[in-house]
Amino acid sequence: MNTARHASEQLMSWPALSESRALCGSGLGLNAGSQEIVHFHGDHEADVHLTRAMIAKLRPALAGSTAVHLRTGSDWVTVRLDIDSDIDLLTTLVSAALQAASRAGADTGPHGRSQAPCTRQGNPAAAAVVIQRPGNVGEDLPTARARRYR
C-alpha cells in the first residue's frame, strides 16, 4: 500500500490546503495560502513544516515516536508512513503546522513566515508521488491538473 498517496488524498480534502508542486521538487506539496505545509517523498515519507517554535513545543512527543525524524535546526520534520497510525500522526502534525502558519502569519504580516527549504532539497533519491484516483489510475499530478483545467 502506498501510504503517502493515501495520506495525501486525505489531506487534499481539507479546505485549508491546496495542491502545489513541492518547493524541493519532490512532487506533491500541500499549501495553506502561499506557505507549503507538507510534501511527500516517495511512497512512505512526508515532510511537515512545523516551525521551530512548534517543534520545541511538541519535542517530547515527537522524540518519543519512531515514525518521526527531527533534523537539527530545521523547521521540517519527516514522518515515516508505514502503517495507518502513522497517517493519523501525520494529520495531527499537519493540523499543528496549520496552527503554526496562522500564528506566524499574524505575527509577521501578510507574507507570513519565511519558508525554510526542505532539508532534502536537491536530493536525487526523492521520488514524486503519483496520484491515483478511480478513472485516473497512474496519472501524475501535472497530467491530472491539465485534464482538470481543460
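The figures here come from the full heavy-atom set of this structure, side chains too, leaving out hydrogens, waters and symmetry mates. Computed from a prediction, not measured in an experiment: that's the story for all the values here.
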Quick check: does any side chain N or O of Ser95 sit under 3.5 Å from a backbone N or O of Thr91, one acting as donor and the other as acceptor? no

So, do Leu30 and Trp14 sit near enough that their side-chain heavy atoms are less than 4.5 Å apart? no

State, with a plain yes or no, whether a side-chain heavy atom of His44 is found less than 4.5 Å away from one of Arg80. yes

Hydrogens and angles aside, do Asn31 and Ser20 bring a side-chain donor and acceptor to less than 3.5 Å of each other? yes

Testing Val79, Ile55, Val38, Leu98 one by one against Leu93 for a side chain to side chain contact (heavy atoms under 4.5 Å, CB included), which residue passes? Val79

Do Ile87 and Thr3 come close enough that some side-chain heavy atom pair is under 4.5 Å? yes

What I want to check is whether the side chains of Thr78 and Asp47 have a donor and an acceptor closer together than 3.5 Å. yes

Can you tell if the side chain of Phe40 reaches within under 4.5 Å of the side chain of Leu90, non-hydrogen atoms only? yes

Taking Ser13 for its side chain and Gln10 for its backbone only, find out whether a donor-acceptor pair lies under 3.5 Å. yes

Quick one: closest heavy-atom pair of Gly42 and Ala4, and the distance? O-CB, 3.5 Å

Assign the ring pair His39 / Trp76 to parallel, tilted or perpendicular, where the plane angle (0 to 90°) is split at 30° and 60°. tilted

Within the structure provided, determine whether Leu89 and Ser65 are in side-chain contact (heavy-atom separation under 4.5 Å). yes

Hey, does Ile37 have a side-chain heavy atom less than 4.5 Å from the side chain of Leu17? yes

Sorted by chain and residue number, the salt bridge (Lys or Arg N to Asp or Glu O under 4.0 Å) partners of Asp88 (sequence neighbours excluded) come out as none

To the nearest 0.5 angstrom, please state how far the OG atom of Ser74 sits from the NE2 atom of His49. 7.5 Å

Is there a side-chain contact between Asp43 and Arg5, using heavy atoms and a 4.5 Å cut-off? no

Give the minimum heavy-atom separation between Arg21 and Glu36, together with the two atoms involved. O-OE1, 3.9 Å

Roughly how far, to the nearest 0.5 Å, is CE of Met12 from OG of Ser18? 11.5 Å

Taking the side chain as every heavy atom from C-beta outward, state whether His41 and Cys24 have any pair of such atoms under 4.5 Å apart. yes

